[in-house]
Amino acid sequence: MKVLIADDTNTDRLLLKLHLAKLGCQVIEAKNGQEAVSQYLAHLDEIDLILIDVQMPTLNGFEAVKAIRELQQQNKQEWFPVIFLSASGNEMDVENGIMAGGDDYLIKPISQKILAAKMHAMKRISDMRSRLVESNKMLESLASTDYLTGIANRRFFEVSLGNKLGTHTAESSSCMACGILDLDKFKNINDSFGHDIGDKVLIDVSNLIQQHMTEHDLFGRLGGEEFGLLLMSDSREGLMQRFEEIRQLIENYQFRIKEQLIDITTSIGVVAVSDGCKTRNQLLKRADELLYEAKTSGRNRVCFDV
């Protein structure tokens with residue numbers, strides 16, 4: 001474990017270092033509350049535990065921990081335990097310590113055995129929380145990711161689309177357009193080669209399109225062979241070009257199935273975000289209408305309303 005100790009008394013700090021060294025810990029030192037905050041910022045992702053004295057100059061322990069917890073939240077850093085150290089066992093001080101963001105409160109002079117026991121307890125809690133965080137991340141990923149292609153699923157795409165639209169303003173310098181993309185005659189591939197091959201085509205198409213995405217775009221699988229896109233550009237013409245490039249990418253890509261090359265094309269309906277079409281439902285409905293138009297007018301084309 002890497003432990004930050006903050007104490008303005010050299011003797012107490014040295015004693016803590018000796019105790020922690022016997023426990024196999026690495027130590028970072030601070031001589032006052034302000035220095036503790038600075039050391040925290042310098043070692044954001046390294047600190048496993050903070051041991052901090054209450055009475056210190058510049059910033060006392062309570063003030064320092066409040067500042068650290070606020071920074072921790074701003075940096076979206078995982079929780080780590082904080083133990084206050086004090087010569088005072090006043091009930092009010094203990095309460096203030098916990099309310100400031102501490103997890104335990106030890107009275108000086110500190111027994112080496114008690115310190116070791118407390119650190120083991122905090123380590124167990126920290127490990128349990130880390131496992132819980134990882135499990136939650138996994139569940140969140142499963143809830144937002146398409147199981148086959150690894151891109152966003154319909155739910156996550158639609159939620160993200162709504163969020164993007166909520167932050168887009170008419171004064172924005174960038175143009176946005178929502179598109180629905182559907183692979184032409186995809187049923188023939190499943191019928192002729194089987195669903196395993198059909199799945200491989202969907203994965204390849206997803207990877208192709210993903211390479212064309214920027215960090216500001218959205219891309220997700222809406223279901224079957226249908227995909228949703230939200231693209232950005234500096235102009236309406238730029239948006240049209242980007243969607244056309246995606247259509248050409250798929251048309252020109254060589255899909256090899258059992259040593260046989262097959263032609264795959266796509267139809268896309270695209271609508272720009274505008275005053276008359278700016279909600280998620282409006283955009284998806286209009287893009288779906290334009291997709292139908294692209295299908296009925298010959299496929300392998302992009303129908304725009306930009």
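Between L115 and L106, the shortest heavy-atom distance links the atoms CD1-CD1, 4.2 Å. In plain terms, the two heavy atoms of E78 and Q72 that are nearest each other are O-NE2, 2.9 Å. The minimum heavy-atom distance between A30 and Q39, with the atom names listed, is CB-CG, 4.3 Å. For S174 against M232, the heavy-atom pair with the smallest separation is OG-SD, 4.5 Å. Smallest separation of non-hydrogen atoms from D104 and I98: N-CD1, 4.1 Å. Residues S235 and G238 share a closest heavy-atom pair of OG-N, 2.9 Å.
Taking OG1 from T265 and CG from N252, the interatomic distance works out to 11.5 Å, rounded to the nearest 0.5 Å. Interatomic distance, CG of D204 versus CZ of F255, reported as 6.0 Å (0.5 Å rounding). Taking CG of L183 as the start and CG of L202 as the end, the distance is 6.0 Å to the nearest 0.5 Å. To the nearest 0.5 angstrom, K108 atom NZ is 3.5 Å from D7 atom CG. In this structure, CE on M122 lies 5.0 Å from CG on D103, to the nearest 0.5 angstrom. Between the CG atom of L181 and the CD1 atom of I268 there is a distance of 4.5 Å, given to the nearest 0.5 Å.
E245 and Q241 form a side-chain donor-acceptor contact under 3.5 Å, judged by distance and modelled atom types alone. S160 and N163 share no donor-acceptor pair across their side chains, judged by distance under 3.5 Å alone. S267 and D182 share no donor-acceptor pair across their side chains, judged by distance under 3.5 Å alone.
Cluster annotation: I180 and Y292 are assigned to distinct hydrophobic clusters (Ile/Leu/Val/Met/Phe/Trp/Tyr, side-chain heavy-atom contacts under 4.5 Å, transitive). Residues F193 and I264 fall within the same hydrophobic cluster, defined by Ile, Leu, Val, Met, Phe, Trp and Tyr side chains chained together at heavy-atom separations under 4.5 Å. With hydrophobic clusters built from ILVMFWY side chains whose heavy atoms lie under 4.5 angstrom apart, F186 does not share a cluster with L291. Residues L239 and L230 fall into different hydrophobic clusters, defined by Ile, Leu, Val, Met, Phe, Trp and Tyr side chains chained together at heavy-atom separations under 4.5 Å. Under the 4.5 Å side-chain heavy-atom criterion for Ile, Leu, Val, Met, Phe, Trp and Tyr, V205 and I197 are members of the same hydrophobic cluster.
In this structure the side chain of L16 never reaches within 4.5 angstrom of the side chain of V3, judged on heavy atoms. Proximity of M119 to L20: side-chain heavy atoms (C-beta onward) are separated by under 4.5 Å at one or more points.
No more than 12 heavy atoms of other residues, nucleotides or ligands lie within 6.0 Å of NZ in K17, so this atom counts as exposed by the packing criterion. Within a 6.0 Å sphere centred on CD of E244, heavy atoms belonging to other residues, nucleotides or ligands number more than 12. Atom CG of N75 has more than 12 neighbouring heavy atoms from other residues, nucleotides or ligands inside a 6.0 Å radius. Within 6.0 Å of atom CZ in R236, more than 12 heavy atoms from other residues, nucleotides or ligands are found, so the atom counts as buried in its surroundings.
Salt-bridge check for D127 with K123: passed, with a basic side-chain N closer than 4.0 Å to an acidic carboxylate O.
Side chain of R221 to main chain of S206: no donor-acceptor pair is present (N/O by atom type, distance under 3.5 Å, no hydrogens or angles).
Within the hydrophobic cluster formed by Ile, Leu, Val, Met, Phe, Trp and Tyr side chains joined at under 4.5 Å, directly or through other members, I52 is accompanied by L4, I28, V37, Y40, L41, L44, I47, I50, V54, M56, L59, F62, V65, I68, L71, F80, V82, F84, V94, Y105, I107.
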